[in-house]
Each structure stands twice: as structure tokens, then as C-alpha cells.
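Inspection log for the structure reproduced underneath, given as C-alpha cells.
Convention: sequence-line order gives letters A, B, ...; per-chain numbering from 1. Quick note: numbers below take in every heavy atom, side chains included, and nothing from hydrogens, waters or symmetry partners.
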Number of protein chains: 2
Amino acid sequence: MARSNSEPRTFVADKREAILRAAIKVFAGKGYFNSKVADIAKAAGIADGTVYLYFKSKDEILHSFFDRAMADFIAEGRRQLAEISNPVEKLRRIAQLHLEHLGADRDLAIVFQVELRGSTKFMQEFSAAGFAEYLSIIQETIEEGQEQGLFRRDLKPVVGAKILYGALDEMVTNWILSKKSYALGPMADEVLKVFFGGVLEQ
Amino acid sequence: MARSNSEPRTFVADKREAILRAAIKVFAGKGYFNSKVADIAKAAGIADGTVYLYFKSKDEILHSFFDRAMADFIAEGRRQLAEISNPVEKLRRIAQLHLEHLGADRDLAIVFQVELRGSTKFMQEFSAAGFAEYLSIIQETIEEGQEQGLFRRDLKPVVGAKILYGALDEMVTNWILSKKSYALGPMADEVLKVFFGGVLEQ
DNA sequence: TAAAAATGAATGATGATTCATTCAGACCCG
DNA sequence: CGGGTCTGAATGAATCATCATTCATTTTTA
């Protein structure tokens, strides 16, 4: 009762966090369905049962992770975009953030690229949430660019958004699967070179 | 022994085929890990054990499917590309084939987009096989185009291939998840418009 | 009728989840 | 102080359901 009241909250949040981090590492290593809750517990240095004091189920661990990771990413993106007015530069920043963010944490990237897509159920649930929002940020930026006469108008913004997202996404997937180690961030410029200017010789 | 020698082969192949088709439908519906072998057997109208007369394991069903589907697709692609000499038109044909093929069979598309990506293991195994070959067909076509002075040279062909593939792939994924029903094939032209010419106003 | 194909009940392993028990620290009282 | 008590966190062995796979038996085919 007379406990110094913020301390326990912090403690609990930390352990939840630790389980989450351990889970990501385990999921990244062997895939969601091949990971045992016992593996996660071991990776987090706790007993199997303890996992259930912080999460309702194995499923909820993955969900929590996505929800938080995506919300964080979008919040950061919006923050940075607010400082930019030129749509061309906005798209550049989006591409860079996307690749730098995932390029900075391989486990996170693996879980995002691989596990997120591992079930239509997840995809749809997730789709409904953050993913659609992300696509629509790109889409709105393209609309802005069209209004300002910077981008061609014979292209549906929603299609443009999918193309850019798809290209970035493929960069990440290839990076994960590649045996070679290289920086993902710089690929943003390569993608944008094509997205903005196309491959045809003028 | 005195069997009219091609008939039983055919018969066996047909049943194998039927199991494969049933499996795809089931996998597409609930995901590989959530699908029971019993579900597949029921969908194929046979007993559980019969599945094992044609496949060594559940895993092998998925593998067989990928191997065959990918080999067929690449063979068909090569056949059609052989009739085209212009790299621009070759890429157009690739994009159309890609989207028309998956757009014609939703179950096939779901398994390809979702299950194939559902595990790093699968991705890597698969990657080693047909997928790398597909990417390199695109890459070589871009190289040709560069040699003929059609495509800009300040772009690595391998990167260009990933961008085009990624954009097409995203069209398929969105199509699968979309509640609206629309034709996937025609999206090829939209993608190529951007891939060839870029989004910037001239 | 013999061989091949198919059956589906039984087996055995696996692994998510539960819960009776232990443990650690906070608080109280003499 | 120092030991007793309470609370909630943590434990991990046991439970229980779920399937992939097998194989003795039956059915079909030729």
C-alpha cells in the first residue's frame, strides 16, 4: 500500500519488455509456429509460466509486438514528415526511415517481413491497423505532389503508394535473406531514383 | 506385370494432383500450420493415410507444390520471352504474366504470397531454387536494355529487378487482402508506367 | 486369386497452458 | 533491532488437447 507508487509499474513494464525482446529474437530465429513458449521463457531467463503473467497467450505476444512497433514507427514518421514541406523530400524521408529502421534491427526486420506475412489472419488484422495507415501516408504525399504539379497526374496515388512500398519491402526481404552483409539504408536512394525518374533513357 | 504400362502412372499422377489441389485450397484457407493433414484428406475425398502413399510428409506437399508451380511458371515465361526481342516489351510481358498468372487463381496466389513467406526456412530453400532464377531473368532483361541504350546505365540491374519484382509482388498481396474484387492483370501497365517513366512530371 | 491401393483407428510426440507450491521482500509488533 | 506474517511475483512439473504418422486390415483391380 505505502509502496513508492511508480516503481512497481516500471518494474512490470521492464519485464514485459524483456519478454517481448526475447520473443522477437526467438521468433526471428525459428519462426512463430516453430517457437515454443518455453524457448521464449528460456531466452528471457524466466520460468515458462511467468510468460503468462504478462501475456494472455503466445499469440498475444506477437500482436503486442506488432502493435507497438508499428505505432512507434508511424509516430516517428509523422514527426519527421511534419518538418518537411516538399513532397519529393517527404517521400525520400519515408523511404530512408523505412530502410534505416528495419536495417538497424535484423530480428525486428525478420519478424516484420516473415512472420507478419505468415498468415492471412495476421495480415488482415494487421492490415486493418497500422499498415493501411502507412500506405495512406505515402498515398497522401503523392497526392500533394500531384496538386503541386510535381508528379504526373495520370497515375492513381494509391497505386503509386503500393509500388513504392512494394519496392522498399522487397529491398528489406532481400536484405534479410542475403548471405552478404550490406547496409540497407542507402538502398533508399536507388529505389527513389527509379520511382522518381524511371528506368528509361531520356 | 502385364499392366498396360502408362495407365497406372497416369492414375497415380492424377491422384497426386488431386491431393495437391486440395492441399492448396486448405492451406490458402487456414494457413499451412493451421491445416491438418486430415483436412487435406477430407478435401481430396480420401482417407488420411492415403496422403502418405503419395507424399512423404505434410512438408513435402508444400514443397512439391512450390517446385512445380514455380518451374511451370518459369518455363512458360521463358517460352513467351523467346518470341520477344525488345527488352521493354520483355519486361511488359513478364509483368503481365506475373499478375495474370496469380490473378487467375486466388488460392495459388494466397499460398505463394502468404505461406511462402511464412518461414525463413522456406524462403531460403525456395529462394535457392526458382525465385532467384526469376529475379535473374528480370535482371538480365534490364542488362540487355542497358546494352541497347534503352535503359539508363546509372542503375544496377539487380536493384532494378528487385524494384520491379517488389512492386508486382505488392500488387498481388494487396489484391489478395482486398475486400473489393478487381482484375489483377491490368495493374501490370500501371506498374510499368512508373517503372519505365517515373512519377516526376517532365 | 494375387497384388496393389486405400482405409482409418491407434500411436506417440509435442507443446500450450494451468496451478499448487515456493520465494522474496515489505510491513508490523514486542 | 529481529522475527513473524502477509502479499504478490515467480516457478516448473503436470495436464490435456492436438495432430502427424503408421500399419494391420479391407477393398479394388487386373
So, does [X] get its side chain near the phosphate of [N], meaning an N or O under 4.0 Å from OP1 or OP2?
| X | N | answer |
| --- | --- | --- |
| B:K58 | D:dC19 | no |
| A:Y54 | D:dA10 | yes |
| B:K56 | D:dT21 | no |

Whole Å only: how far is the [atom1] atom of [X] from the [atom2] atom of [N]?
| X | N | atom1 | atom2 | answer |
| --- | --- | --- | --- | --- |
| B:I40 | D:dC19 | CD1 | P | 12 Å |
| B:K42 | C:dT7 | NZ | C1' | 15 Å |
| B:L62 | D:dA20 | CG | P | 13 Å |
| B:L53 | D:dT21 | CG | P | 14 Å |
| B:Y52 | C:dA9 | OH | P | 16 Å |
| A:F27 | C:dA16 | CZ | C1' | 12 Å |
| B:F55 | D:dA20 | CZ | P | 15 Å |
| B:F33 | C:dA16 | CZ | C1' | 16 Å |

Which listed nucleotide ([options]) is nearest to the side chain of [X]?
| X | options | result |
| --- | --- | --- |
| A:A47 | D:dA20, C:dG8, D:dG12 | D:dG12 |
| B:K15 | C:dA6, C:dA16, D:dT22 | C:dA6 |
| A:V37 | D:dA9, C:dT17, C:dT7 | C:dT17 |
| B:T50 | D:dA10, D:dC19, C:dT7 | C:dT7 |

Inset, instruction - Fit a plane to each ring of A:Y165 and A:H98, take the angle between them on a 0 to 90° scale, and name the class: parallel (under 30°), tilted (30 to 60°) or perpendicular (over 60°). - result: tilted
Legend entry - Ring geometry between A:Y134 and A:F73 (parallel below 30°, tilted from 30 to 60°, perpendicular above 60°): perpendicular
Legend entry - Inter-residue atom distance A:F27.CZ - A:I40.CD1, 0.5 Å rounding: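 Result: 4.0 Å between the selected atoms.
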Inset, instruction - Kindly write out the residues that satisfy side-chain hydrogen bond (donor to acceptor under 3.5 Å, both in side chains) with A:Q139, not counting sequence neighbours, or none if the list is empty. - result: A:E143
Legend entry - Check: B:K15 side chain, B:Y54 main-chain N or O, donor-acceptor pair, under 3.5 Å: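 No, B:K15 side chain to B:Y54 backbone: no donor-acceptor pair under 3.5 Å.
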